[in-house]
Amino acid sequence: MNEVAFLKTHGPDAPDLSDEALHAARVRVLAEISAASTAVPHATRSALLSRLGAARPGRRQLLTRLALPAVGLVAVVATAVAVMPDARQRTPYPPVTADGPAGTRSAAPGRIKLVAATAPEFPYALPNLGKPSFTADPGGPIIAVYLAPDGSDVVLTIGTARGDQPIRGERDVTVDGRPGRILSVPGDGLGSVGSVQLTWERRPGEWVTIVGNGRRASVESVLQLARQVVDQPQRLAFKVAVGLIPDGWGLGGFKDGGSIISYRDPANSDLDLHVRWTPEPDTSLDSDIEGFQTAHAVTVNKRPARLVQAEQFWRLTATLADGSGFTLMAPRSFTRDQVIAVANSVQLNRS
């Protein structure tokens with residue numbers, strides 16, 4: 001998609017966003033709130049916490065809210081594409097998954113061992129708030145987002161212990177006798193509070209973070225929510241399930257309701273694989289793929305599929321039983337058979 005076509009589809013004069021896109025946008029913005037660790041300067045963190053607006057923003061508002069401070073136009077556009085509904089993501093170039101910064105082979109193919117993947121779960125729940133949405137940026141924690149019709153959304157995620165230098169405005173609190181820290185961030189109105197973030201040690205060495213917005217943006221409300229957190233593992237409802245991953249790898253991130261899933265080597269952040277579900281199979285030209293070398297017709301789950309070898313990655317496109325499709329991106333350190341084996345393990349998630 002060139003720049004002109006992109007602006008016609010996603011620019012200021014394009015049709016209004018769908019409910020699905022707006023829902024995804026709110027989840028992504030709320031996720032950015034919890035992703036701000038204690039190492040982030042107070043000014044930057046405040047900007048993240050205060051970007052929550054109305055429940056149904058216009059397109060211009062959406063793009064503005066998703067733009068991080070000091071981030072260029074390219075990053076803003078990339079974020080805007082990330083929250084579009086799955087059916088409208090048609091960029092011809094997949095993300096590059098390289099074996100090292102320059103695409104060098106950092107691991108011999110024989111060293112990769114495929115094992116059964118464990119179904120990813122989120123360990124906590126707030127039962128009184130209903131069913132959450134989940135998201136996770138690459139390398140970040142899983143984030144549960146409880147959306148409310150009036151914008152009083154709540155974020156629940158894994159926290160971290162405070163570093164040597166506390167954030168300006170934070171103060172110490174206790175939750176059921178356990179240490180924590182709380183931060184109130186000003187809202188748009190004079191003297192108002194936009195969001196309140198609490199991180200506390202729920203058990204020794206186990207830190208949890210809650211962010212309250214809207215009518216829940218008060219110290220009392222957030223402390224009350226913290227006391228309602230329960231241990232309740234929740235399976236993440238992805239569009240598809242990946243049955244095989246390299247031994248030792250874990251969930252790297254996901255978005256758009258689980259239509260994009262990544263797994264990552266914890267010892268090497270440059271090594272990861274991606275699975276992207278689409279309502280229809282990908283029919284883009286092999287020659288459009290960056291670094292294209294060769295293409296092969298293969299079979300995945302007894303259906304025709306396409307395997308492309310590029311300079312820095314493998315790319316496999318296949319069809320699922322219901323007629324939808326998926327694209328698998330894997331490092332070049334995988335063998336051809338390993339790429340096909342992972343693809344064969346991708347199944348529709350019926351749950």
Is any side-chain heavy atom of [X] closer than 4.5 Å to a side-chain heavy atom of [Y]?
X	Y	answer
Leu225	Gln228	yes
Val342	Leu316	no
Leu183	Arg181	no
Val208	Arg178	no
Ser221	Val196	no
Leu126	Val229	yes
Pro132	Leu156	no
Ser259	Thr278	no

Would you name the heavy atoms of [X] and [Y] that are closest together and state the gap between them?
X	Y	answer
Leu129	Arg216	CD2-NH2, 3.3 Å
Ala343	Phe326	O-CZ, 3.6 Å
Ala341	Leu244	O-CD1, 3.8 Å
Pro246	Leu114	N-CD2, 3.9 Å
Asp153	Ala148	OD1-N, 2.7 Å
Pro123	Ile158	CG-CD1, 4.1 Å

Please identify each residue that fulfils side chain to side chain contact (heavy atoms under 4.5 Å, CB included) with [X], with sequence neighbours left out.
X	result
Ala226	Val175, Leu198, Trp200, Ile210
Gln293	Gln309, Glu311, Arg332
Thr118	none
Thr299	none

Sequence-distant partners of [X], side chain to side chain donor-acceptor pair (under 3.5 Å), two or more places apart:
X	value
Gln232	none
Arg336	none
Thr319	none
Glu206	Tyr124, Arg203

Distance in Å, [X] [atom1] paired with [Y] [atom2], rounded so as to fall on 0.5 Å steps:
X	Y	atom1	atom2	result
Trp314	Met329	CH2	CE	12.5 Å
Ser152	Leu147	OG	CG	11.0 Å
His274	Ile260	NE2	CD1	9.5 Å
Arg315	Leu328	CZ	CG	10.5 Å
Asp272	Phe313	CG	CZ	12.0 Å
Arg276	Lys239	CZ	NZ	12.0 Å

Before giving the answer on side-chain contact (heavy atoms from CB on, under 4.5 Å), spell out for Val240 and Asn349 the whole-Å C-alpha distance, their side-chain angles and the decisive distance to 0.1 Å.
CA-CA 5 Å; Val240 292; Asn349 195 338; 5.6 Å; no

Report the C-alpha distance between Ile182 and Val219 in whole Å, list the side-chain angles of each, state the deciding distance to 0.1 Å, and finish with yes or no for side-chain contact (heavy atoms from CB on, under 4.5 Å).
CA-CA 8 Å; Ile182 200 161; Val219 172; 3.8 Å; yes

For [X], which residues count as a salt bridge (Lys or Arg N to Asp or Glu O under 4.0 Å) partner, sequence neighbours excluded?
X	answer
Arg303	none
Asp265	none
Arg306	Asp286
Asp322	none

Steps toward side chain to side chain donor-acceptor pair (under 3.5 Å) verdict (Ser284, Asp282)
CA-CA 6 Å; Ser284 59; Asp282 189 322; 2.7 Å; yes

Verify same cluster id: Trp207, Ile142 (apolar side-chain graph, 4.5 Å)
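No; Ile142 is not reachable from Trp207 via cluster members.
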
side-chain contact (heavy atoms from CB on, under 4.5 Å) between Phe238 and Trp277: does it pass, once the steps are laid out?
CA-CA 9 Å; Phe238 295 155; Trp277 175 89; over 6 Å; no

Going through the distances and angles, do Thr199 and Thr209 end up as a side chain to side chain donor-acceptor pair (under 3.5 Å)?
CA-CA 4 Å; Thr199 299; Thr209 293; 2.8 Å; yes

Could you walk me through whether Leu348 and Ser324 satisfy the side-chain contact (heavy atoms from CB on, under 4.5 Å) test, starting with their C-alpha distance in whole Å, then the side-chain angles of each, then the deciding distance to 0.1 Å, before giving a yes or no?
CA-CA 9 Å; Leu348 285 168; Ser324 62; 4.0 Å; yes

